[in-house]
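Working notes, structure below.
Positions are given from 1, in the same order as the sequence printed here. Only heavy atoms go into these numbers, but all of them, side chains included; no hydrogens, no water, no symmetry mates.
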Amino acid sequence: MNNKKSMLALIIALISLQGCGGGSSTQDTNSPTNSNNSGDNNSEGNQGNKDNLAFPDLTLNDGLPDLRKDTPDEYEHLAAGEASVNIFNEDAFSQALPAILDTPRLDAVFKAGDHVFRSNHDGQGPIFNNTTCQGCHIKDGRGVVPKSANEPMISMFLRVGDSKGNVDPIYGDQIQVFGTIDNQTDVLAKHNGAIEEGLAYGEAYTWVEYEEVTGQFADGENYSLRKPVYKVKDLAYGEFNQEVQFSARVSPHVYGSGLLESIPAQNILAYADPDDTNNDGISGKAAYTTHPINNEKMLARFGQKAVTASVLQQISGAYRGDMGVTNSVATGEPCTEAQSACLAQAEKEQNKHHDGVDLNNVDLAQVEFYNRTLAVPNRRGFDTENNLWNDDVLKGRSQFFAANCHSCHVPRHKTGEAKGSLLGDVDLVQVSTDTRTNISALQNLVIYPYTDLLLHDMGGSCKVTRELASGEACDSGKSCYYVQRCEGLADGRPEGDASGTEWKTPALWGLGLVQTVTPKATFLHDGRARTLSEAILWHGGEAEPAKQAYLNMDKPARDALLAFLNSL
């Protein structure tokens with residue numbers, strides 16, 4: 001199989017974030033995973049014969065022994081070492097790190113953060129997408145695509161901007177589908193309603209329709225894909241900019257975020273190769289952002305286009321943008337200066353008693369701690385009594401490495417220092433701004449997230465048109481919709497350091513439990529893929545050879561690869 005050159009991200013955005021670094025001792029956490037004894041190399045390990053798909057060992061930038069391509073690490077079934085749990089039901093993504101659970105003081109903060117994560121907040125709105133964090137990140141996992149055009153998007157949304165990366169002058173960077181009129185919430189958009197009536201309607205109504213794309217594997221088996229077509233109507237505050245582009249986002253999972261935040265930046269940067277200097281077809285690019293609290297330029301590792309540097313930055317922005325809940329990190333209302341009706345409604349809010357914002361720092365810090373200390377479920381397909389992997393998982397793992405998927409979905413990392421929250425240490429009643437105690441439960445762990453946290457070009461292009469419901473072209477008016485069609489995975493909307501065709505490699509751990517936790521969940525950044533197989537078949541750009549390799553695999557090889565992915 002000639003697919004070694006560019007598997008890029010065999011499953012980029014199959015799932016794809018992202019919460020107070022509370023107090024704990026600074027003692028390092030060690031586990032059997034840290035020793036990472038990969039075992040002796042056997043004579044088959046470097047032969048590369050076609051039957052057993054054995055290949056040279058893989059040197060990763062984690063300071064650990066080489067990762068065997070034909071034999072898993074001794075403790076690879078522990079997805080996050082001592083930060084992983086053996087829970088595989090609908091609550092698999094909602095567990096505290098064992099070390100947190102065993103420390104009553106920290107467990108209390110975790111539970112308090114869980115409560116805030118699930119709660120409505122005073123001062124919400126005037127425009128928003130959902131009322132709680134949990135409403136988007138269902139059971140701490142993925143959101144879902146509405147089952148019909150008659151259901152508003154509540155755990156997915158459309159970002160908006162132009163082809164140059166500028167936000168829309170009227171609508172900002174995100175379409176909030178709900179508005180607030182006096183005491184009535186969840187008010188959907190009405191065409192020109194905010195302009196003509198001066199009321200804070202939702203900004204616009206958004207939905208997705210699908211066109212079928214069919215094809216065949218090399219062995220003759222047929223497949224069918226859903227190609228999304230995004231539509232927007234009932235603009236309440238006026239027209240979009242003339243070069244408008246939309247980017248659909250299904251809310252990603254949040255478990256494991258604190259571990260990803262704790263990977264040393266230099267270890268991630270070691271995988272970056274933006275100019276493809278080694279000519280392997282993979283061009284991982286680092287993204288950067290300025291942190292809103294300390295104004296430091298930092299490596300961005302959260303968000304589906306890598307636009308935030310920390311869990312705190314991610315959740316504070318989500319509070320403001322998704323829920324209309326201002327806080328000390330993201331202080332401004334989601335209204336733009338052009339939305340006078342929204343601003344007028346914001347002035348009516350009576351709950352800005354937390355230094356002028358809606359959410360107090362104790363709640364914000366507790367939610368950050370909760371997000372950072374969510375555990376990762378262990379791998380399936382491993383017999384712990386006999387220390388044996390299922391044959392299909394082993395074969396699929398070999399397929400994964402043979403195809404060079406690990407060039408972007410880097411299997412293994414080691415966490416470093418897990419600094420306390422920039423807000424300070426939190427307990428149940430206050431934040432101590434003069435102390436920042438490291439979260440030792442996140443430190444010095446060998447983890448297997450399968451991501452490089454870098455940007456990769458997935459190819460494609462997008463076009464936005466104006467159409468009537470019949471499909472005829474139009475220029476303006478209530479019945480004239482905005483319609484975006486894209487080839488491939490592109491969204492046409494640059495964001496931060498990412499272009500309109502680039503996406504951050506998502507972590508794959510927990511992948512096989514996504515639909516156990518949320519049966520209606522689907523895959524990729526916009527949820528178009530109903531199965532992992534469909535997600536692979538949507539790859540393009542740097543990952544085009546990966547898709548071709550998958551298309552050319554025979555049925556047993558494809559099944560083995562999927563078995564491996566479902567074991568993650």
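- No donor-acceptor pair under 3.5 Å is formed between the side chain of Arg142 and the backbone N or O of Ala521.
- Checked against a 6.0 Å centroid threshold, the rings of Trp503 and His525 count as neighbours.
- Checked against the 6.0 Å centroid threshold, Tyr450 and His409 do not count as a close aromatic pair.
- Side chain of Asp276 to backbone of Gly281: a donor-acceptor contact under 3.5 angstrom is found.
- Residues Leu561 and Tyr550 are in side-chain contact: their nearest non-hydrogen atoms beyond the backbone lie under 4.5 Å apart.
- Judged by distance alone, the side chains of Ser499 and Thr501 do bring a donor and an acceptor atom under 3.5 Å apart.
- A cation-pi contact, defined as under 6.0 Å to the ring centre and within 45° of the axis, is absent between Arg397 and Trp389.
- At least one donor-acceptor pair under 3.5 Å links the side chain of Thr415 to the backbone N or O of Leu442.
- Ion pairing between a basic and an acidic side chain is recognised when a charged N comes within 4.0 Å of a carboxylate O; Lys139 and Glu90 show such pairing.
- The aromatic rings of His121 and Tyr319 lie perpendicular to each other, with more than 60° between the two planes, well past the 30° mark.
- Ion pair Arg249/Glu495 flagged as a salt bridge, since at least one NZ, NE, NH1 or NH2 atom sits closer than 4.0 Å to an Asp/Glu carboxylate oxygen.
- Panel note: side chain Asp457, backbone Glu542; no donor-acceptor pair is recorded below 3.5 Å.
- Side chains of Asn371 and Tyr255: a donor-acceptor N/O pair is absent below 3.5 angstrom, by distance only.
- Of the possible polar contacts, one joining the Thr451 side chain to the Thr505 backbone as a donor-acceptor pair under 3.5 Å is found.
- No donor-acceptor pair under 3.5 Å is formed between the side chain of Ser432 and the backbone N or O of Asp434.
- With hydrogens and angles ignored, the 3.5 Å screen pairs a side-chain donor or acceptor of Ser257 with a backbone N or O of Val254.
- Shown here are the salt bridge (charged side-chain N to carboxylate O under 4.0 Å, His left out) partners of Arg320, two or more places apart in sequence or in another chain: there are none.
- With hydrogens and angles disregarded, a donor-acceptor distance shorter than 3.5 Å links the side chain of Gln176 to the backbone of Gly321.
- At a threshold of 4.0 Å, the pair Asp491-Lys305 counts as salt-bridged, since one of the basic side-chain nitrogens sits closer than that to a carboxylate oxygen.
- For the pair Leu374/Gln95, no side-chain contact is recorded, criterion being any heavy-atom separation below 4.5 Å from C-beta on.
- A distance-only check finds no donor-acceptor pair linking the side chain of Glu417 to the backbone of Gln443 [under 3.5 Å].
- With ring centers used as reference points, His115 lies 6.0 Å or more from Tyr370.
- Taking CG of Leu312 as the start and CG of Leu422 as the end, the distance is 6.5 Å to the nearest 0.5 Å.
- Put simply, the side chain of Arg301 gets close to the backbone of Leu260: a donor and an acceptor are under 3.5 Å apart.
- Residues that satisfy the side chain to side chain donor-acceptor pair (under 3.5 Å) test with Asn327, not counting sequence neighbours, are absent from this structure.
- Taking the six-membered ring where tryptophan is involved, the planes of His77 and Tyr75 are tilted, since the angle between them lies from 30° to 60°.
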